[in-house]
Number of protein chains: 2
Amino acid sequence: MSILKKISAQLETMAPADRQIGQFIVDKPDQMLRLSSAALAVETGRSQSSVVKFSQKLGYAGYQELKLAVSEAKAQEWPAPAGMIHGTIEVDDGYLTILQKLLGSKLQAMQQTISVNNEADIEKALEALHDARRIHLAGVGASSLVARDFSYKLMKLGRNVLHDSDSHVQMANASTLGPDDLLFALSYSGASIETLRIAELASQRKATVIAVTGLQDNPLARVADIRLHTVGDEDRVRSSSITARDAQLMLTDLLFILLVQRQPDAHDYVHNSETAVSVLKAKRLS
Amino acid sequence: MSILKKISAQLETMAPADRQIGQFIVDKPDQMLRLSSAALAVETGRSQSSVVKFSQKLGYAGYQELKLAVSEAKAQEWPAPAGMIHGTIEVDDGYLTILQKLLGSKLQAMQQTISVNNEADIEKALEALHDARRIHLAGVGASSLVARDFSYKLMKLGRNVLHDSDSHVQMANASTLGPDDLLFALSYSGASIETLRIAELASQRKATVIAVTGLQDNPLARVADIRLHTVGDEDRVRSSSITARDAQLMLTDLLFILLVQRQPDAHDYVHNSETAVSVLKAKRLS
DNA sequence: GCGAATTGGAATTTTTTATTCCAATTCTCT
DNA sequence: AGAGAATTGGAATAAAAAATTCCAATTCGC
């Protein structure tokens, strides 16, 4: 039983000094934990020895043991995050609630994104990526960052990657694609004009088109040869591409890991990349 | 806040006595909480004053404050939810195992990143961001994508943001900063030369420097006025900036949400942004 | 190599915790 | 109602714990 609850239940039958000390602890456990027995005595207008005796009457060797018990009682009040809170972040939510809702939303988006894509589709995309002569990545806004992140990872593996943040350059690149090439197009809405036009052109040129897009029917999904779906709930986190981005990253990270697994010399490539970058790191100063 | 993670991250750079004391605390926090400084000294074969000094080196007034921090850290240890695995992705892992390990690693990185930053530090960073005249974002490699993502979000709120992927331009921008400005620097290692030099310059120019960096002692953390820590385990996911990036995003997303909460017209700004972008979306065809 | 800085234990001081002493109050029994 | 026993609780005291000082040894930086 929590010592805080135990004290609370006994308050009414306690003698005056004990009641005052107990009340303080129940009301302000955080503060109590920071106080010496003498300081708590001052706060309650009682004596230091009363504080120690209070502890002993509760069955503890002394004040330090009571403190430990209060600390443990408080620990049980900390909301368990395993369950996560799913909910819309509201204007008057406190810090802890926001944290939990944000983390819960991220986790839910990633989990649901995994759920809506079956292994066969992932395998198909993987096969296409593995076999592609050149991989062109397309996306705008937040999706452009995911595209760029994935392009970095593919380049680390020595793959022939085309990526540019300028959609005109993306379009020009797409015009050079052929049947041995692949377009990896990211757009949560599936309706971004630039990404859509690039996908249409790549499709016309017989390149394989992989679309990473939301579950709803959309123009990009219709153009694609392979569809990977993402689930995000933007309404809950201020509609600023947080969960949609996380869902896309979940897929690109997974594809990257699977590609690494399938490419025998992947380790060497990744290691070489790190070694190369290390010259741009400050030397250990001590 | 998790002092246990902090100690753990710093063990290798500690002197002998500190390492032994720190190791004991990390290995046996429950037991430590029951020991006096003298008893812990006996357990570790070190002196009682070393125990107190260890506490003070970590930033606490003394051993009692360290104890309190350890107690709070223990309260925030989060177990892995069902369906996820904490473990290293191996060469012969099957699809489902990879999925579970990837998701588990991502969740752990995000949870631990939340644990190692206390609300007071987040609040301090938030205050600085809110009050800054101009916000300059710096980062290279994977951190540059997080910096850009956060810059997009801040710009959506109408904030005065400086971000360029070219580190020379970043440096030039930093040379225009002043006491009313803020540098938000991201580097997991804290040792990327470009980011470090930019931070040093911003600091010289009296701008506020917020560092988002790993837990280990590093040059960037030393330059910063405000430190936000990230925890990632790159060994488990092929050392390609997956969990470190997710950890950084967790923090920037949280800061963004908190800024939105605190800016009365944030909704209008975000809504206006969506409306503006909508002209670049394909019309619904049927 | 030399001086400065750091490390870390022993000794000492200060603070905190726990116990003892004892007066006042309350409770129980006749 | 009164006397004795039990309880309450603060002041004083003793013991334990925490923190600081002193200083020798080692490491670091020039």
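What you see is a predicted model, and the numbers here were worked out from it, not measured in a lab. To find a chain, count down the sequence lines: A is the first, B the second, and so on, and within it residues start at 1.
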Any side-chain heavy atom of B/Ile210 sitting closer than 4.5 Å to one from B/Leu183?
no
With a 4.5 Å cut-off on side-chain heavy atoms, are A/Ile257 and B/Lys101 touching?
no
Below 4.0 angstrom, N of the basic side chain to O of the carboxylate: do B/Arg245 and A/Asp253 qualify?
yes
Under a 4.0 Å threshold between the charged nitrogen and the carboxylate oxygen, would B/Lys67 count as salt-bridged to B/Glu72?
no
Test item: [X] side-chain N/O and [Y] main-chain N/O as donor-acceptor pair under 3.5 Å:
X: B/Ser192; Y: B/Glu194; result: no
X: B/Glu65; Y: B/Tyr60; result: no
X: B/Ser203; Y: B/Glu200; result: no

Rounded to whole angstrom units, what separation is found between the [atom1] atom of [X] and the [atom2] atom of [N]?
X: B/Glu43; N: D/dA17; atom1: CD; atom2: C1'; value: 16 Å
X: B/Met32; N: D/dA18; atom1: CE; atom2: C1'; value: 13 Å
X: B/Lys57; N: C/dA5; atom1: NZ; atom2: C1'; value: 13 Å
X: B/Leu33; N: D/dA18; atom1: CG; atom2: P; value: 12 Å

Which parts of residues 14-24 of chain A get close to DNA chain D, meaning a heavy atom less than 4.0 angstrom away?
A/Ala15, A/Pro16, A/Ala17
Contacts under 3.5 Å, N or O only, protein and nucleotides 16-26 of chain C:
unit_1	atom_1	unit_2	atom_2	d
C/dT17	OP1	A/Gln64	NE2	2.7
C/dT17	OP2	A/Ser37	N	2.4
C/dT17	OP2	A/Ser37	OG	2.8
C/dA18	OP2	A/Tyr63	N	2.6
C/dA18	N7	A/Gln48	NE2	2.9
C/dA18	N6	A/Gln48	OE1	2.8
C/dT19	OP2	A/Gln56	NE2	2.4

Are A/Phe150 and A/Phe256 an aromatic pair by the rule of ring centers under 6.0 Å?
no
I want to check one thing: is the phosphate of C/dG8, taken as OP1 and OP2, less than 4.0 Å away from some side-chain N or O of B/Ser50?
no
What is the bend of the helix from C/dG1-D/dC30 to C/dT30-D/dA1 when you compare the axis at one end with the axis at the other, using five pairs each and rounding to 10°?
30°
